[in-house]
Protein chains: 2
Amino acid sequence: MAAPRRTQAQRRAETRQALLEATIDCVVEHGYGNVTTAQIALRAGVTRGAQNYHFSAKTELVAAALEHLMDQLIEQVRLDPPRGTDTTERALLLLDRLWNLHDTPAFKAATEIAIASRTDPELRARLAGLNRRLIGMIRGMLDETFPELMGNEDIYPIMLTVLSAVRGVAVVGLIGSPESIESLWRIVRGQLEQLIARAVEKASLAG
Amino acid sequence: MAAPRRTQAQRRAETRQALLEATIDCVVEHGYGNVTTAQIALRAGVTRGAQNYHFSAKTELVAAALEHLMDQLIEQVRLDPPRGTDTTERALLLLDRLWNLHDTPAFKAATEIAIASRTDPELRARLAGLNRRLIGMIRGMLDETFPELMGNEDIYPIMLTVLSAVRGVAVVGLIGSPESIESLWRIVRGQLEQLIARAVEKASLAG
DNA sequence: TTACATACTGGCATGCCGGTATGTAAATGG
DNA sequence: CCATTTACATACCGGCATGCCAGTATGTAA
């Protein structure tokens with residue numbers, strides 16, 4: 001095993017990333033309340049000393065991990081926007097993509113951490129902008145995906161409602177069985193589909 | 001201070017209730033992850049010994065507390081069903097009541113505990129039926145409140161969608177500022193209102 | 001090569017949490 | 001009025017998570 005001779009910046013980046021990802025994994029697996037710094041360090045293949053060197057407190061690590069996760073998700077979504085000639089078709093594609101995003105382990109972790117931040121001021125402060133940022137991202141995506149609806153202010157309330165419903169289902173999904181969630185989502189999806197279809201119809205009549 | 005000479009059943013019931021309520025209060029105030037059994041006992045005005053006598057483990061106490069809370073809420077809701085001549089009017093009344101239920105400290109506690117139960121099998125098992133029970137309650141209430149819609153299967157999907165959306169908003173409400181939640185709810189409420197109104201209209205045409 | 005900065009190691013120490021064990025008071029029943 | 005059960009109090013233990021620190025290695029600049 002020859003020493004890889006990494007540069008300082010590389011070393012730093014690699015261990016940090018390993019820690020951030022291990023944090024998310026551990027939260028997903030054991031739940032935020034049960035996660036220990038030792039577990040995280042172990043999973044990251046890093047000693048507790050190194051861990052503490054980069055992130056002096058647990059909260060800091062967790063907050064950073066969630067921000068990192070968010071960055072990944074946003075990037076991942078931004079990379080392939082929904083394509084299609086039909087407006088409704090694109091909208092439903094977006095809907096499904098939104099759901100898939102919420103049906104992911106990452107969302108579990110994010111939710112746990114967000115919930116925990118309610119009573120942790122330090123954490124809360126750092127996470128304050130994340131939801132705002134998420135909504136901003138979705139908004140931007142809407143504008144890009146539906147240029148024909150540009151300037152139509154009616155779509156944002158619908159977006160928020162859809163997002164809320166998706167979140168509601170996703171939250172139940174944290175504790176329910178996959179089958180029950182699947183069935184619940186099918187039902188809710190049907191309703192949201194109608195909501196969207198009507199909105200698109202209305203908008204194209206107006207436009 | 002003369003001894004009140006309470007009966008055993010009274011003593012038991014009183015300390016138990018004090019413990020259950022203190023548990024909810026503590027969870028609301030400090031968050032599930034930070035709550036300690038000592039805090040709860042202190043708040044309930046009970047020693048840790050008594051606490052342990054009634055609830056041998058923390059999980060047991062928390063689960064019992066949530067069930068107790070649920071009982072209270074269900075009872076409270078069942079006591080005054082929405083009245084009104086107009087179907088839509090009653091539906092909107094129900095919608096607001098549903099939101100008020102979710103905009104309460106009790107919901108915060110319930111959510112925290114539910115989230116925690118994801119990685120706590122013991123807790124999860126005891127809470128498994130609660131959501132089912134809640135939905136059953138809402139279903140029953142729908143049947144009572146809208147006898148004219150009886151047998152119309154279309155309203156359940158809508159109910160689930162509305163419930164999901166309400167929950168989604170409520171979850172954001174856990175960490176957001178009261179103002180931002182108020183404004184979000186107003187927006188979502190507007191959409192749900194339309195959803196409901198359309199459903200009622202359709203149902204009365206069919207009926 | 002020397003001097004310095006950054007990255008990392010391993011272990012210690014403290015506080016605290018949940019659970020238990022044992023003793024005491026209050027109520028019930030005969 | 002005594003015996004037994006139920007309800008509660010106090011003290012304690014084992015364990016463990018967290019943060020910290022003194023030292024070491026590795027990269028970087030003079």
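None of the values given here were measured: they were computed from a predicted structure. Chain letters run A, B, ... following the sequence lines, proteins first, then strands; residues in each count from 1.
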A:L19/A:F55 under side chain to side chain contact (heavy atoms under 4.5 Å, CB included): CA gap, chis, key distance, verdict: CA-CA 9 Å; A:L19 278 167; A:F55 305 96; 4.0 Å; yes
Nucleotide nearest A:A57 (side chain, heavy atoms from C-beta), chosen from C:dG19, D:dG19, C:dC8: D:dG19
Residue A:Q8, side-chain heavy atoms: nucleotide from D:dT26, C:dG10, D:dA9 that is nearest: D:dT26
Rounded interatomic separation in angstrom, taking OH from B:Y53 and P from D:dT10: 18 Å
Aromatic plane relationship, B:F107 with B:H102 - under 30° parallel, 30 to 60° tilted, over 60° perpendicular: tilted
Shortest non-hydrogen contact from A:I135 toward A:M159: CG2-CE, 4.1 Å
B:R139 side, atom CZ; B:R132 side, atom CZ - distance, nearest 0.5 Å: 9.0 Å
Protein-nucleotide distance (B:E14, atom CD; D:dT6, atom C1'), rounded to Å: 15 Å
Any side-chain donor near an acceptor of the partner, A:S180 and A:S183, under 3.5 Å: no
Minimum-distance nucleotide (side-chain atoms of B:T47 versus C:dT9, D:dT10, D:dA7): D:dT10
Any A:T15 side-chain N or O less than 4.0 Å from OP1/OP2 of C:dC8: yes
A:R6 CZ - D:dT26 P separation (whole Å): 11 Å
Gap between atoms CD and P, on B:Q51 and D:dA9 respectively (whole Å): 11 Å
Contact list for residues 47-62 of chain A, test salt bridge (charged side-chain N to carboxylate O under 4.0 Å, His left out), sequence neighbours left out: none
A:R198, CZ: over 12 other non-hydrogen atoms inside 6.0 angstrom: yes
Between C1' of C:dC8 and CZ of A:R11, the distance in whole Å: 7 Å
A:H54 side chain near C:dC8 phosphate (N/O to OP1/OP2, under 4.0 Å): yes
Whole angstrom value for the distance that separates C1' of D:dA7 from CG of B:L19: 12 Å
D:dT6 pairs with, by Watson-Crick or G-U criteria that keep both distances under 3.5 Å: C:dA25
d(CG, A:N52; P, D:dC20) in whole Å: 7 Å
d(CZ, A:R12; P, C:dA5) in whole Å: 16 Å
Base versus backbone protein contacts along nucleotides 12-17 of chain C [heavy-atom cut-off under 4.0 Å; B, S, -]: -----S
